[in-house]
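Working notes for the structure below.
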Amino acid sequence: MVLGPSSSRLMQASSVFVEQVEVRDDDKRGVFLYAFSEKPELSYQTNWSVSDYVIVRSYSRKGFSFWLNKGSTIHMRWEAPTSTFNQLEVVMTKGERDLQTLSPEVTNSTDFLALHEPISGKEVEYTIEEDDKYYIGVINSNRRSIIMSMAINVSATMYDTTKAKSKCSTETGSCRLRLEFPNTHYVILTTPNYGNLAGWYIELSFVARVVTYIAILGFIVIVVFLILKYLGACEGENTIIDTEVTEVRQVTETDPIMPAKPIPYTYGTGEEDDDSGDSSSSEELYDAKLIMEGENKVCPICRRLIHKLRRLFHS
């Protein structure tokens, strides 16, 4: 992440998932890391300023990044030779999204640059409304490089670190802070006023609490196992039901080839035949039902029960 002079950046971490917070600063400028059990107040005010000559190459942008909290103010003034001053444009970017062209007030100056050319100057003041990373850039639309001077005065709002539970510094290398389980902690990074517009990059890492992630993984595995077991039990019940239905529908030796159509049993004589079609006389029908015994009651062709007979020829 990018910091700047007199920066104060707040972050929140849950000790349920994070065991330690580590910060690395290869330049060893002295970044301080603080840990709090409660959110500190944004009540401390500090001032820092830098000024230097800047060379902006033709058709390019020169810029600086730093972190500022809500309530901070930036006052800038830049000067360049009058002949090329109108080809310079100063912009400000908040985070990675908003590009803002600053609308400065034109001021007169009797100072001279190294070549003693007449110069012109502008100045602007900007109030920070949200904690974020800010980028100040100078765009040169001239065909040749421009030497300009820039002065930045910042009134930075910082967090009060007097009530920190623990702290460490990167003056001798990387440092770590252990977070007490299971509370939520607030972590603050602060930097000193090193009086330089160049970016200051540090590496911040959160060391995970392995036990928590193992427990979460185990819980997920158990849930998946129970779901699969439940689905398997349901499939087993369906298989049992299908087997029972199959057993009920098993064909025996005496079952007909075609499904049997229920026929009402009637007894007696002189009953008319149900078949329709060609007209038949009472002489063509056998006027009584034959009650068969033993295996002969089943038709050897269709395996249906024989309930009555029809005479096919006259003797």
Side-chain angles (χ1 to χ4, degrees), residues 1-52 63-75 93-96 128 130-136 151-213:
M1 65 175 60
V2 179
L3 298 175
S6 298
S7 293
S8 180
R9 183 165 183 175
L10 175 68
M11 289 159 288
Q12 185 175 348
S14 174
S15 60
V16 175
F17 301 98
V18 179
E19 182 178 6
Q20 294 181 354
V21 181
E22 181 180 7
V23 60
R24 295 174 56 89
D25 174 23
D26 295 335
D27 295 331
K28 298 181 181 180
R29 297 180 180 178
V31 176
F32 283 89
L33 182 64
Y34 298 88
F36 301 80
S37 57
E38 297 181 357
K39 185 177 180 179
E41 296 181 356
L42 188 62
S43 58
Y44 183 66
Q45 202 80 19
T46 184
N47 298 319
W48 60 270
S49 61
V50 292
S51 59
D52 202 352
F64 318 96
S65 298
F66 39 82
W67 181 272
L68 290 174
N69 295 319
K70 179 181 179 180
S72 303
T73 58
I74 303 176
H75 182 272
T93 305
K94 181 174 75 69
E96 304 293 340
I128 303 300
E130 185 179 0
D131 299 359
D132 211 326
K133 181 182 72 174
Y134 290 85
Y135 170 85
I136 296 177
I152 300 178
N153 298 300
V154 177
S155 177
T157 305
M158 302 182 68
Y159 288 94
D160 184 8
T161 59
T162 57
K163 298 181 181 180
K165 295 181 60 177
S166 57
K167 70 175 182 178
C168 67
S169 174
T170 61
E171 292 179 345
T172 58
S174 62
C175 72
R176 286 188 176 189
L177 287 182
R178 183 179 296 274
L179 304 183
E180 297 179 1
F181 184 85
N183 302 324
T184 298
H185 295 266
Y186 295 91
V187 179
I188 291 181
L189 279 171
T190 63
T191 59
N193 179 10
Y194 51 87
N196 191 347
L197 283 175
W200 189 356
Y201 297 88
I202 66 167
E203 180 182 345
L204 182 70
S205 58
F206 295 89
V207 182
R209 194 175 295 275
V210 180
V211 176
T212 301
Y213 288 93

**Study point:** Point-to-point distance, once rounded to the nearest 0.5 Å, from CG of L204 to CG of L189
**Key:** 5.5 Å
Exercise for review: May I ask you to decide if D131's main-chain N or O and N69's side chain share a donor-acceptor pair within less than 3.5 Å?
Suggested key: no
**Study point:** Derivation and outcome, side chain to side chain contact (heavy atoms under 4.5 Å, CB included), residues H185 and V18
**Key:** CA-CA 10 Å; H185 295 266; V18 179; over 6 Å; no
Review point. Is the Y34 ring parallel, tilted or perpendicular to the F32 ring (thresholds 30°, 60°)?
Key: parallel
Check your understanding: V187 and L177: side chain to side chain contact (heavy atoms under 4.5 Å, CB included), yes or no, with the steps?
Key -> CA-CA 9 Å; V187 179; L177 287 182; 5.5 Å; no
**Study point:** Expected output: side-chain D160 to main-chain E41 donor-acceptor under 3.5 Å
**Key:** no
Study note, to complete from the structure: For P192 and G30 the tightest heavy-atom approach is CD-O, 3.5 Å
Exercise for review: Any side-chain hydrogen bond (donor to acceptor under 3.5 Å, both in side chains) involving residues 3-19? Give me the pairs, sequence neighbours left out, ordered by first then second residue.
Suggested key: E19-R178
Point to revise | Minimum-distance pair of heavy atoms, taken over all atoms of P40 and I188 | key: CG-CD1, 3.2 Å
Review point. In Å and rounded to the nearest 0.5 Å, what is the OG to NZ distance from S37 to K163?
Key: 10.5 Å
Review point. Are any of the side-chain heavy atoms of W67 and D132 separated by less than 4.5 Å?
Key: yes
Check your understanding: So, T170 side chain and R24 main chain: donor-acceptor pair closer than 3.5 Å or not?
Key -> no
Revision key, fill the gap. Rounded to the nearest 0.5 Å, the OG1 atom of T162 sits from the OH atom of Y44 at a distance of 11.0 Å
Check your understanding: How many angstroms lie between CG in N153 and OG in S51, if you round to the nearest 0.5 Å?
Key -> 8.5 Å
Check your understanding: So do E22 and E203 actually touch side chain to side chain, heavy atoms under 4.5 Å?
Key -> no
Study note, to complete from the structure: Nearest heavy-atom approach of S65 to Y135 is OG-CD1, 3.3 Å
Check your understanding: Is there a side chain to side chain contact (heavy atoms under 4.5 Å, CB included) between T73 and I128 once you walk through the steps?
Key -> CA-CA 6 Å; T73 58; I128 303 300; over 6 Å; no
Check your understanding: Given F17 and R209, is the side chain to side chain contact (heavy atoms under 4.5 Å, CB included) satisfied, shown in steps?
Key -> CA-CA 5 Å; F17 301 98; R209 194 175 295 275; 5.9 Å; no
Check your understanding: When rounded to the nearest 0.5 angstrom, what distance separates NZ in K133 from CG in L68?
Key -> 12.5 Å
Point to revise | Of C168, S169, C175, the residue whose pairing with E171 passes side-chain contact (heavy atoms from CB on, under 4.5 Å) | key: S169
Exercise for review: Decide if atom CD of Q45 counts as having more than 12 heavy atoms of other residues, nucleotides or ligands within a radius under 6.0 Å.
Suggested key: yes
Exercise for review: Would you check if F66 and I74 make a side-chain contact, meaning some heavy-atom pair closer than 4.5 Å?
Suggested key: yes
Check your understanding: Considering only heavy atoms from C-beta outward, does the side chain of F181 approach that of V16 to under 4.5 Å?
Key -> yes
Check your understanding: At what distance, to the nearest 0.5 angstrom, does OG1 of T46 lie from CE of M158?
Key -> 6.5 Å
Check your understanding: Under 3.5 Å, is there a donor-acceptor pair between the side chain of T191 and the main chain of G4?
Key -> yes
